[in-house]
Protein chains: 2
Amino acid sequence: MSITGNRRERERAQRHRLILSVARELAEAEGWEAVTTRRLAERVEYSQPVLYSHFKGKDAIVAAVAEQGFTELAELLGRERAAARGDEPRLGLRAVCRAYLRFAVEHPALYQAMFVMPTQLAFAAEETPPALRAAFDVFVEALPEGIEGREARAELLWAALHGISALSATGRVPALGESARLDLLIDGIAPGGQASRSGGDGL
Amino acid sequence: MSITGNRRERERAQRHRLILSVARELAEAEGWEAVTTRRLAERVEYSQPVLYSHFKGKDAIVAAVAEQGFTELAELLGRERAAARGDEPRLGLRAVCRAYLRFAVEHPALYQAMFVMPTQLAFAAEETPPALRAAFDVFVEALPEGIEGREARAELLWAALHGISALSATGRVPALGESARLDLLIDGIAPGGQASRSGGDGL
DNA sequence: CCCGATGTCTAGCAATGCTAGAATCCGGGC
DNA sequence: GCCCGGATTCTAGCATTGCTAGACATCGGG
């Protein structure tokens, strides 16, 4: 390990990040099916084999991008929750849900890598990415404190939000009425107040 | 159009069905990534080009399989709903939901073709497969008659069930607690009675 | 200044979806 | 009975995919 070793290590890490960001941009611009190892290598301005010196294969690349997505989602939800902490509890929950849905429509390719692409990761087991768990926990905490079956409610909420995102992304459910569905969902899962219909369907 | 023309037409239709059923079996047995045109042709005992005389491409084949799935799902849900018509309304709704979830776990590849695979079909538009619409309508009808926002509730229910199926299929949410989540969901979306917890997590 | 190790690229493999053009089959007219 | 024409099917191949072995370059240490 020489003196310059440090620099090379740094450069290597930078290239690592570059590969990921290029892959993500490409996916977001043209869809994941356009992300081929050749195109990716070309845009990174290295040959294909260097990709394989950083990642085990293409799947590993999309998995790494997905992991990035998990941490970003967790941060986003956490911020949203913090910002709405002073408000009525229900408003906080609603803000978090809206943030989730917005994330899904704003980064469709990223979302796809995170939640629909085939993956080896067994999420239920210990190996759940910590960031994913953190994102989930935001939902748990956003639910009223003493409510019965808080965790189960959060799971349901999580699943329902994913269902809404997944189906509307492929046009399998009308995009209109999203806000109404969200109100219904929140009312159903965290009952108590009446629906706080704020704004139209603009998200 | 000769006399034998009829027979050839029949044989052709049969081969059409054969292709679909083989594709479906193969997908169910080894996953869609194992369904290649070569393997498919081999099992049908014809060469690849005949596949393209029946379908425009591989995507068209999985779309056709998906369509089959839609009609099967619609029939299943319709039957389930009819069988539970005498019971308490909430029980009927629950039966339909359970049938949906069971369908998803029993035919994972079929379900994937129907709801997660990339597709050109714009489901929101006119071209929604009638069978899919029929399946959806079962949910609408299974909701209490005079309830407010009946259609929106059905959409939410639909999306939530898909979310549960999709996430648990890839292990992104624990399979346990499925029954509890379902109770919560039904309670939330069709409020009125108390949760009718019938049976454990065995589905 | 040269050597060895580390890093990178060229070239290629097997498999994929799809298709053009050759070969085959089969019914109908002489 | 024989042969022709159209429909049907197959062989062979293209471009592209993910991935990898082996040749090549590069650069620090003696």
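In what follows, chains are A, B, ... by sequence order, proteins preceding strands, each numbered from 1. Atoms considered below: every heavy atom in the structure, side chains included; atoms not considered: hydrogens, waters and symmetry mates.
Looking at R150(B), its side chain does come within 3.5 Å of a backbone N or O of L143(B) through a donor-acceptor pair. Formation of a donor-acceptor pair under 3.5 Å by the R153(B) side chain with backbone atoms of E148(B) is found in this model. Side-chain N or O atoms of R181(B) include none that pairs as donor or acceptor with a backbone N or O of L156(A) at under 3.5 Å. A donor-acceptor pair under 3.5 Å is formed between the side chain of K58(A) and the backbone N or O of V35(A).
Taking the six-membered ring wherever Trp is involved, the centroid distance between the rings of H16(A) and F55(A) falls below 6.0 Å.
In this structure, CD1 of I19(A) is placed 13 Å from C1' of dT8(C), rounded to the nearest angstrom. Taking atom CZ on F55(B) and atom C1' on dC18(C), their separation rounds to 16 Å, with Å as the unit. Between the NE2 atom of H54(B) and the C1' atom of dT8(D) there is a distance of 10 Å, rounded to whole Å. Atom-to-atom, CG of L40(B) to P of dC18(C) comes out at 12 Å; the value is rounded to the nearest Å. One interatomic measurement links the two molecules: CZ of R12(A) to C1' of dG7(C), which rounds to 9 Å at whole-angstrom precision. dG28(D) atom C1' lies 16 Å from atom CD of E9(A), rounded to whole Å. Here dG27(C) presents its P atom at 11 Å from CD of E11(B), a figure rounded to the nearest Å. Rounded to whole angstrom, the span from the CD atom of E30(B) across to the P atom of dT16(C) amounts to 12 Å.
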Reading nucleotides 14-25 of chain D from 5' to 3' and marking B where a protein heavy atom lies under 4.0 Å of the base, S where only the sugar-phosphate is that close, and - otherwise, the string is ---BBBBB----

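A salt bridge links E72(A) with R24(A): the distance from a Lys NZ or Arg NE/NH1/NH2 to an Asp or Glu carboxylate oxygen falls below 4.0 Å. One finds a salt bridge joining R43(B) and E30(B) here, because a Lys/Arg side-chain nitrogen approaches an Asp/Glu carboxylate oxygen to under 4.0 Å.
Note: W158(B) and F115(B) have perpendicular aromatic rings, judged against thresholds of 30 and 60 degrees for the angle between ring planes.
Residue R15(A) has a polar side-chain atom (N or O) positioned under 4.0 Å from OP1 or OP2 of dT8(C).
In this structure, the separation between CZ on R94(B) and CG on D187(B) is 9.5 Å, given to the nearest 0.5 Å.
Axis angle between the ends of the helix from dC1(C)-dG30(D) to dC30(C)-dG1(D), five pairs each and rounded to 10 degrees, works out to 30°.
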